[in-house]
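So you know, we letter chains A, B, ... as the sequences are listed, proteins then strands, and number each from 1.
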Number of protein chains: 2
Amino acid sequence: MTFAAPPIPRMKAEDRRELVLAAATQVFGDFGYWGATTDQVARAAGVSQPYVVRMFGTKEALFLEVLQRALDHLLGEFRRVLAAGREELGPRLGRAYIELVGDRGIHLVLMHAFGMGSDPVIGARARQGFLEVYEFLRDEAGFGPEQAQSFLASGMLINTMVGLRMSDEFESNPMAAECLIVALPEKLDIVLDLGKAQRAEAR
Amino acid sequence: MTFAAPPIPRMKAEDRRELVLAAATQVFGDFGYWGATTDQVARAAGVSQPYVVRMFGTKEALFLEVLQRALDHLLGEFRRVLAAGREELGPRLGRAYIELVGDRGIHLVLMHAFGMGSDPVIGARARQGFLEVYEFLRDEAGFGPEQAQSFLASGMLINTMVGLRMSDEFESNPMAAECLIVALPEKLDIVLDLGKAQRAEAR
DNA sequence: GTCTATATGCGGATAGAC
DNA sequence: GTCTATCCGCATATAGAC
């Protein structure tokens with residue numbers, strides 16, 4: 001009796017799911033919800049386009065899941081930092097936020113989602129997510145109004161610098177370099193290293 | 001001899017152009033570059049879809065023009081404020097920035113553009129535009145590094161609140177209301193009034 | 001669990017009339 | 001200066017095989 005070997009690399013549903021979600025985070029981050037296609041996601045994950053749809057039902061459901069994971073990841077990291085102590089909490093949370101660039105696409109997905117307030121379903125979820133972060137800062141981290149304002153504002157500026165791919169011009173454009181230095185009080189190196197890694201990978 | 005009256009309201013090219021650009025600012029603001037369609041723009045301007053394309057060549061060219069005008073408008077207002085005096089410059093510029101919500105769509109178009117850094121042409125223009133604003137703050141307004149950082153960050157937070165349509169939930173969601181109050185140090189009324197006006201108009 | 005084939009609808013752009 | 005008609009390509013989603 002002979003056993004046919006699986007001709008195509010099969011995976012457990014859960015693992016494949018993670019793979020696709022990671023690819024989707026990347027693609028949605030680069031092109032936004034409307035600009036990204038399920039086919040781009042599929043190619044990035046190494047599967048067929050219909051399979052991506054099959055797994056999540058619709059493109060919208062896929063985006064919602066990507067958004068949810070981005071928010072979970074963000075708040076998870078923040079709670080980890082908080083659990084480690086309350087001294088210098090603001091700077092440590094800020095540093096943790098910047099380090100999320102390691103998971104490529106998180107800032108970008110959030111930024112795109114934050115621009116979709118007019119969408120009845122994604123916009124509603126994005127507002128809710130933003131408010132969850134605000135609640136964390138107020139209730140768990142104990143931030144006062146100005147501290148929360150300034151923290152959130154800095155976060156949005158970081159999103160903007162990432163969204164603009166400003167680090168791509170760090171070496172070629174002195175003005176971009178200075179602007180980056182001004183915008184990111186510290187931990188600029190994290191963003192720059194990530195930018196380099198991405199460009200290298202694009203080749 | 002009889003003269004046929006123009007059956008359709010004709011306009012000088014320049015006026016029609018302004019009309020379409022205003023409509024496009026609105027539509028691109030709501031749906032972003034990829035999410036907006038030239039047909040939506042056409043309908044909002046009361047003209048046919050092919051005519052919109054005809055006027056600007058491509059959807060991309062139209063967006064670039066909308067982006068350019070948003071930046072011109074922004075820097076124009078900033079220079080006006082600067083020309084009026086240098087006392088309390090930061091708060092006055094901040095107020096001027098918020099008041100741009102009067103021209104509906106400017107913040108939104110900017111925010112969407114700032115998320116398009118990966119686009120070779122729009123992304124490049126968006127980076128350049130952001131840097132022009134930074135240069136203004138540094139060279140013309142005389143801001144120091146931290147002042148520039150905090151001003152730009154606050155601006156991006158304002159963009160985010162507008163992008164999320166957070167003001168839509170000011171009355172129904174106490175958390176959203178508090179978050180708005182915290183995020184916008186002052187001149188909250190401007191955003192709220194605008195939100196109301198928009199919702200009324202949508203009926 | 002994953003693919004191929006394909007239906008279907010929509011969006012950008014062109015041609016050409018008035 | 002502005003429209004109608006229309007082409008073509010692309011994106012999501014479905015059907016069904018393996």
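For residues 23-34 of chain B, the set of pairs meeting the side chain to side chain donor-acceptor pair (under 3.5 Å) definition, not counting sequence neighbours, comprises B/Gln26-B/Arg104, B/Asp30-B/Arg165.
With a 4.5 Å cut-off on side-chain heavy atoms, B/Glu99 and B/Glu77 do not count as touching. Residues B/Arg125 and B/Leu71 form a side-chain contact, since some pair of their non-hydrogen atoms from C-beta on lies under 4.5 Å apart.
Of the residues listed (A/Phe130, A/Phe78, A/Tyr97, A/Phe151), the one engaging A/Phe136 in a ring pair (Phe, Tyr, Trp, His ring centres under 6.0 Å) is A/Phe78, and it is the only one.
The separation between B/Arg17 atom CZ and D/dT2 atom P is 13 Å, rounded to whole Å. Nucleotide D/dG1 holds its P atom 13 Å from the CZ atom of B/Phe56, rounded to whole Å. Distance CE (B/Met11) to C1' (D/dG1): 12 Å, rounded to an integer number of Å. As a whole-Å value, the separation of A/Lys12 NZ from C/dT2 C1' is 17 Å. For A/Asp15 and C/dG1, the CG to C1' distance is 12 Å, given to the nearest whole Å.
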Q) Can you give one letter per nucleotide of nucleotides 5-18 of chain C, going 5' to 3': B for a protein heavy atom under 4.0 Å from the base, S for sugar-phosphate only, - for none? A) B-----SBBB-B--
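Residues satisfying the side chain to side chain contact (heavy atoms under 4.5 Å, CB included) criterion with A/Gln147, sequence neighbours excluded, are A/Phe143.
Closest contact between the side chain of B/Ala13 and the listed nucleotides D/dG1, D/dT4, C/dC3 involves D/dG1.
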Q | Worked verdict on A/Val47 versus A/Leu19 for side-chain contact (heavy atoms from CB on, under 4.5 Å) | A | CA-CA 10 Å; A/Val47 299; A/Leu19 207 67; 5.8 Å; no
